[in-house]
Amino acid sequence: MTLKTYIKVRTQFEGFHYYPNAGQIDPRIKFLEHEHRHMFKVEVKISVTHDDRELEFFLVKWKLNEFITEAKMNHKSCEMIGKDILAHLISEYGGTREYEVEVSEDGESDGIVHYIPE
């Protein structure tokens with residue numbers, strides 16, 4: 001049996017983006033070509049080596065919020081935001097852990113980035 005342990009933190013932030021040339025994919029989504037607002041909801045899952053708070057929830061969430069506030073997240077897709085957050089997590093907590101970053105538009109549709117170290 002293989003047992004893995006993770007922590008998960010959640011946060012959200014207001015952001016704006018647009019999808020250039022969306023109408024060329026399908027005319028029904030042409031409206032996405034214009035800048036629009038979302039509440040981006042972020043969920044981060046990080047593997048830990050033991051179950052006695054190796055990574056403290058509050059500290060991880062506060063660092064994540066600081067990064068989001070300082071980073072320029074506007075005009076990016078959920079997947080792009082997820083990759084930026086993933087790079088930040090790896091720089092903070094190392095590349096030997098497993099990570100999953102989920103970024104949603106208003107809690108409805110998610111972009112997911114999953115990192116598994118080699």
Side-chain angles (χ1 to χ4, degrees):
M1 174 175 86
T2 301
L3 182 66
K4 292 184 178 183
T5 305
Y6 302 86
I7 65 161
K8 188 182 284 188
V9 298
R10 296 172 190 87
T11 192
Q12 64 181 15
F13 66 96
E14 179 183 45
F16 296 84
H17 72 179
Y18 59 95
Y19 187 179
N21 305 315
Q24 291 176 12
I25 296 166
D26 187 312
R28 294 173 296 173
I29 59 170
K30 185 166 179 60
F31 68 93
L32 295 175
E33 294 178 3
H34 304 284
E35 185 177 63
H36 53 280
R37 174 196 179 271
H38 288 290
M39 284 306 296
F40 288 98
K41 299 180 186 296
V42 177
E43 188 172 285
V44 170
K45 184 169 99 173
I46 307 171
S47 64
V48 292
T49 58
H50 61 78
D51 60 1
D52 194 15
R53 206 59 67 234
E54 177 196 356
L55 297 176
E56 167 51 48
F57 297 131
F58 287 108
L59 299 176
V60 172
K61 183 174 179 172
W62 292 339
K63 280 189 183 254
L64 175 61
N65 284 336
E66 285 173 22
F67 172 74
I68 289 170
T69 300
E70 295 168 3
K72 294 181 178 18
M73 296 296 184
N74 280 335
H75 304 124
K76 294 184 177 183
S77 68
C78 292
E79 296 87 342
M80 291 173 188
I81 294 168
K83 285 182 179 178
D84 287 352
I85 291 171
L86 175 62
H88 165 72
L89 294 171
I90 290 171
S91 73
E92 285 289 328
Y93 306 111
T96 60
R97 301 175 185 276
E98 230 178 282
Y99 298 92
E100 187 171 281
V101 180
E102 234 177 276
V103 180
S104 83
E105 296 177 345
D106 309 310
E108 294 179 340
S109 303
D110 302 357
I112 301 169
V113 180
H114 194 148
Y115 173 84
I116 302 170
E118 295 181 6

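For the atom pair CD (E35) and OH (Y18), the distance works out to 8.0 Å, reported to the nearest 0.5 Å. Rounding to the nearest 0.5 Å places CD1 of I116 at 9.0 Å from CD of E100. Taken to the nearest 0.5 Å, the NZ atom of K4 stands 13.5 Å off from the OG1 atom of T49. Annotation: the span from I81 atom CD1 to E102 atom CD amounts to 13.5 Å, rounded to 0.5 Å.
In the hydrophobic cluster analysis, where Ile, Leu, Val, Met, Phe, Trp and Tyr join through side-chain heavy atoms closer than 4.5 angstrom, M80 is grouped apart from V101. Linking ILVMFWY side-chain heavy atoms closer than 4.5 Å, directly or via other members, places V48 and L64 in a single hydrophobic cluster. Residue Y115 is grouped with residue V103 when hydrophobic side chains (ILVMFWY) are merged at heavy-atom distances under 4.5 angstrom, including chains of intermediate members.
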Verify side chain to side chain contact (heavy atoms under 4.5 Å, CB included) between I85 and M73, making sure each step is shown before the conclusion.
-> CA-CA 10 Å; I85 291 171; M73 296 296 184; 4.1 Å; yes
Go through the steps to decide whether C78 and E105 satisfy the test side chain to side chain contact (heavy atoms under 4.5 Å, CB included), and finish with yes or no.
-> CA-CA 7 Å; C78 292; E105 296 177 345; 3.5 Å; yes
Evaluate the side chain to side chain contact (heavy atoms under 4.5 Å, CB included) criterion for residues K41 and R10: first the C-alpha distance (whole Å), next the side-chain angles of each, then the deciding distance (0.1 Å), finally the verdict.
-> CA-CA 7 Å; K41 299 180 186 296; R10 296 172 190 87; over 6 Å; no
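Of the possible donor and acceptor atoms, one in the side chain of D106 sits under 3.5 Å from a partner among the backbone N and O of M39. Listed for the H17 side chain is a donor-acceptor partner under 3.5 Å among the backbone atoms of K76.
D51 and T5 share no donor-acceptor pair across their side chains, judged by distance under 3.5 Å alone.
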What pairs of donor and acceptor atoms, side-chain ones from residues 86-93 against any protein atom, are under 3.5 angstrom apart with sequence neighbours left out?
| from | atom 1 | to | atom 2 | distance (Å) |
| --- | --- | --- | --- | --- |
| S91 | OG | H88 | O | 2.7 |
| E92 | OE1 | K63 | NZ | 3.0 |

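At a threshold of 4.5 Å between non-hydrogen side-chain atoms, the residues E98 and K45 do not count as touching. Using a 4.5 Å cut-off on side-chain heavy atoms (C-beta onward), E43 and K8 make contact. Residues E54 and R97 form a side-chain contact, since some pair of their non-hydrogen atoms from C-beta on lies under 4.5 Å apart.
Between F40 and F13, the angle of the ring planes stays under 30°, which puts this pair in the parallel group of the 30/60° scheme. Ring geometry, H38 versus H36: the interplanar angle exceeds 60°, so the pair is classed perpendicular (tilted spans 30 to 60°).
For the pair R53 and F57, the cation-pi test (distance below 6.0 Å, angle within 45°) is passed.
Smallest separation of non-hydrogen atoms from Y19 and I25: OH-CD1, 3.0 Å. Here the closest non-hydrogen pair linking T96 and P117 is O-CG, 3.5 Å. Of all heavy-atom pairs spanning E33 and A22, the tightest one is OE2-N, 3.3 Å.
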